[in-house]
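Working notes, beginning with the structure itself.
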2 protein chains.
Amino acid sequence: MPKASPSNSKKLRRQEAEALILSAAEKVFAEAGFGGATMQLIADVAGLPKANLHYYFPTKELLYRQVVQNIFEIWLQAADVFDQAEGPEEGIGAYIDAKMEISRRHPNGSKVWASEVMHGAPVIQDYLETTLTDWTNGRITVIERWISEGRMAPIDPRHLLYMLWATTQHYADFGHQIETLNGSAPLSDAQWEAAKNNIKTIILRGIGALPTA
Amino acid sequence: MPKASPSNSKKLRRQEAEALILSAAEKVFAEAGFGGATMQLIADVAGLPKANLHYYFPTKELLYRQVVQNIFEIWLQAADVFDQAEGPEEGIGAYIDAKMEISRRHPNGSKVWASEVMHGAPVIQDYLETTLTDWTNGRITVIERWISEGRMAPIDPRHLLYMLWATTQHYADFGHQIETLNGSAPLSDAQWEAAKNNIKTIILRGIGALPTA
DNA sequence: GTCTATAGGCAGATAGAC
DNA sequence: GTCTATCTGCCTATAGAC
């Protein structure tokens with residue numbers, strides 16, 4: 001590989017700077033909300049002058065929009081495991097594992113998403129109406145097939161999906177409350193494992209997808 | 001009852017004005033977050049001049065704190081049904097009913113609470129450490145008794161409580177997303193009923209508190 | 001108690017040197 | 001591309017007439 005040409009090196013630096021800014025922005029938006037976050041604070045966290053942020057992201061809103069989009073991508077990827085499964089025990093179990101891993105690794109992203117939706121999705125309403133709607137309908141089809149095959153009880157697929165989202169994202173969005181109730185300590189590896197298994201056990205047994213214990 | 005004395009009439013008007021402001025504030029804080037909310041907008045929603053808000057609530061932060069406290073009270077009252085029950089099917093079932101009713105009737109309150117916790121509970125951290133911790137420990141004792149009596153499976157009570165909070169509050173906090181996925185229409189009476197029954201069925205069956213269907 | 005007008009401060013965005 | 005200095009506007013809070 002030849003030495004990076006000036007244009008390549010520029011592009012690389014641009015990507016690096018953008019990633020740095022996006023990471024800082026995700027943290028600040030999660031902790032302060034869109035209205036409470038300031039470009040100055042994001043710049044301080046990123047270790048850059050404030051004007052640089054405006055160079056890469058013209059407005060605060062565009063920066064925010066990019067943060068939300070990035071989260072949405074990660075969010076959707078967790079869905080892959082759902083479809084590759086033979087039945088609900090494997091598919092829903094793996095989906096819970098994947099969503100819990102995201103809650104643990106990307107709690108700030110989850111919080112920004114939650115905040116955006118709670119405020120009426122002013123920035124990503126189009127995503128809700130297109131991509132998320134399509135994704136949801138696809139998963140509903142899969143669940144209905146499992147039900148018709150007798151692999152699980154006849155549960156309303158839509159409310160089951162809401163339950164999966166709610167239980168897994170709760171560990172990110174309400175992480176501060178959970179840590180406080182844990183003696184102001186982060187959950188240990190074992191506690192995360194227990195949380196995951198607890199959700200899987202109750203839901204899978206609850207929908208009749210586990211051999212009756 | 002004698003005609004209201006000046007001091008009584010003053011007090012009544014104070015209460016009415018405060019209630020009006022608190023109601024408007026809850027709505028605006030829920031929709032815009034603390035940082036995004038403005039005293040001007042709250043005043044407009046309440047139909048009062050902005051200066052009046054500062055007369056009754058000296059600072060924006062004090063007004064916000066009162067809103068969060070009010071929600072917390074409602075929240076705790078739903079717990080009463082938990083203790084008056086004989087077993088998990090009745091107790092947890094009634095608790096789910098009560099929490100779902102709050103999600104439906106006070107969605108803004110739930111959102112303000114969620115937002116506060118997501119941002120690290122800067123205003124109500126003391127409540128988390130005292131009242132909520134005590135409440136949680138009390139309910140854990142009840143659940144552990146039900147388990148020891150063989151009325152339900154040996155589930156970790158703490159994670160069960162998180163699941164109850166997550167699933168019920170999700171219908172308030174993510175109400176906008178749920179409505180969008182419902183064709184941009186609010187849930188009907190029947191849909192709320194279905195949601196409630198779905199949660200109760202899955203969780204109660206999942207913890208082994210239902211006669212095996 | 002109520003309201004208008006305004007002070008004081010801070011945040012988003014940009015101009016322009018380097 | 002980077003950064004300092006600054007403009008502009010909005011928001012909290014208050015002074016002071018009524």
Side-chain angles (χ1 to χ4, degrees), chain A residues 4-68 112 115 119 122-123, chain B residues 4-68 112 115 119 122-123:
Chain A
S5 72
S7 75
N8 276 348
S9 123
K10 263 188 195 172
K11 261 194 180 167
L12 187 62
R13 289 218 273 166
R14 170 172 276 272
Q15 284 177 1
E16 282 169 357
E18 285 179 353
L20 184 67
I21 293 168
L22 284 168
S23 170
E26 183 185 89
K27 182 177 165 65
V28 173
F29 282 134
E31 290 175 357
F34 178 81
T38 66
M39 295 296 271
Q40 184 64 63
L41 184 53
I42 295 171
D44 291 347
V45 171
L48 294 171
K50 189 177 61 164
N52 289 33
L53 271 62
H54 284 283
Y55 176 74
Y56 289 105
F57 301 92
T59 69
K60 181 184 177 184
E61 192 167 329
L62 281 173
L63 173 56
Y64 172 77
R65 185 178 175 86
Q66 191 61 54
V67 169
V68 178
V112 175
S115 191
H119 297 354
V123 171
Chain B
S5 73
S7 75
N8 276 349
S9 125
K10 264 188 195 173
K11 262 195 179 168
L12 187 61
R13 290 218 273 166
R14 170 171 276 271
Q15 285 176 0
E16 283 170 356
E18 285 179 353
L20 184 67
I21 293 168
L22 285 169
S23 170
E26 183 185 88
K27 182 177 164 66
V28 174
F29 281 134
E31 290 175 357
F34 179 81
T38 68
M39 294 297 270
Q40 184 63 64
L41 184 53
I42 296 171
D44 291 347
V45 170
L48 293 172
K50 189 179 60 165
N52 289 33
L53 271 62
H54 285 284
Y55 175 74
Y56 288 104
F57 301 92
T59 69
K60 180 184 177 184
E61 192 167 327
L62 281 173
L63 173 56
Y64 173 77
R65 185 178 174 87
Q66 191 60 53
V67 169
V68 178
V112 175
S115 190
H119 297 353
V123 170

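Here is how names work: the chains are called A, B, and so on, in the same order as the sequence lines, proteins then strands, and each is numbered from 1. Any value given below was found using the heavy atoms of this structure, including those in side chains, with hydrogens, waters and symmetry copies removed. Small disclaimer: the values here were computed from a predicted structure and weren't measured.
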Spacing between [X] atom [atom1] and [N] atom [atom2], to the nearest angstrom:
{"X": "Glu16(B)", "N": "dG1(C)", "atom1": "CD", "atom2": "C1'", "answer": "14 Å"}
{"X": "Gln40(B)", "N": "dT14(D)", "atom1": "CD", "atom2": "C1'", "answer": "15 Å"}
{"X": "Met39(B)", "N": "dC10(D)", "atom1": "CE", "atom2": "C1'", "answer": "15 Å"}
{"X": "Leu53(B)", "N": "dT2(C)", "atom1": "CG", "atom2": "P", "answer": "11 Å"}
{"X": "Tyr55(A)", "N": "dT2(D)", "atom1": "OH", "atom2": "C1'", "answer": "9 Å"}
{"X": "Leu62(B)", "N": "dT12(D)", "atom1": "CG", "atom2": "P", "answer": "14 Å"}
{"X": "Phe57(B)", "N": "dT12(D)", "atom1": "CZ", "atom2": "P", "answer": "15 Å"}

Out of dA11(C), dG1(D), dA13(D), whichever nucleotide has its closest atom nearest the side chain of His54(B):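 Between dA11(C), dG1(D), dA13(D), the one nearest the side chain of His54(B) would be dA13(D).
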Looking only at the side chain of Lys60(B) (C-beta and beyond, no hydrogens), which of the listed nucleotides dT2(D), dG1(C), dT12(D) gets closest?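 The nucleotide sitting nearest to the side chain is dT12(D).
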For nucleotides 16-18 of chain D, list the nitrogen or oxygen atoms of the protein found under 3.5 Å from its nitrogen or oxygen atoms, one pair per line.
none

Review item, nucleotides 3-6 of chain C N/O atoms under 3.5 Å of protein N/O:
from, atom 1, to, atom 2, distance (Å)
dC3(C), OP2, Asn52(B), ND2, 2.9

Of all heavy-atom pairs between [X] and [Y], which one has the smallest distance, and what is that distance?
{"X": "Ala30(A)", "Y": "Val112(A)", "answer": "N-CG2, 3.7 Å"}
{"X": "Ala43(A)", "Y": "Lys50(A)", "answer": "CB-CA, 3.7 Å"}
{"X": "Ile21(A)", "Y": "Ala46(A)", "answer": "CA-CB, 4.5 Å"}
{"X": "Tyr56(B)", "Y": "Glu18(B)", "answer": "CD2-CG, 3.9 Å"}
{"X": "Gln66(A)", "Y": "Leu22(A)", "answer": "CG-CD2, 3.7 Å"}

What contact category does Ala43(A) fall into here, base, sugar-phosphate, or nothing, at under 4.0 angstrom with non-hydrogen atoms?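 No contact.
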Take atom NZ in Lys27(B); do more than 12 heavy atoms of anything else shown fall under 6.0 Å from it?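 Atom NZ in Lys27(B) is not crowded, with 12 or fewer foreign heavy atoms closer than 6.0 Å.
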Is the shortest side-chain N to carboxylate O distance from Arg65(A) to Glu61(A) below 4.0 Å?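 So Arg65(A) does not pair with Glu61(A) through a salt bridge.
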Within the structure provided, determine whether Leu48(A) and Ile42(A) are in side-chain contact (heavy-atom separation under 4.5 Å).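 Contact flag for Leu48(A)/Ile42(A) side chains = no.
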Which residues pass the ring pair (Phe, Tyr, Trp, His ring centres under 6.0 Å) test with Phe34(B), not counting sequence neighbours?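 By the ring pair (Phe, Tyr, Trp, His ring centres under 6.0 Å) rule, Phe34(B) matches Phe29(B), Tyr64(B).
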Does dG1(D) have its OP1 or OP2 closer than 4.0 Å to a side-chain nitrogen or oxygen of Arg14(A)?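 Answer yes for this pair, as a side-chain N or O of Arg14(A) is under 4.0 Å from OP1 or OP2.
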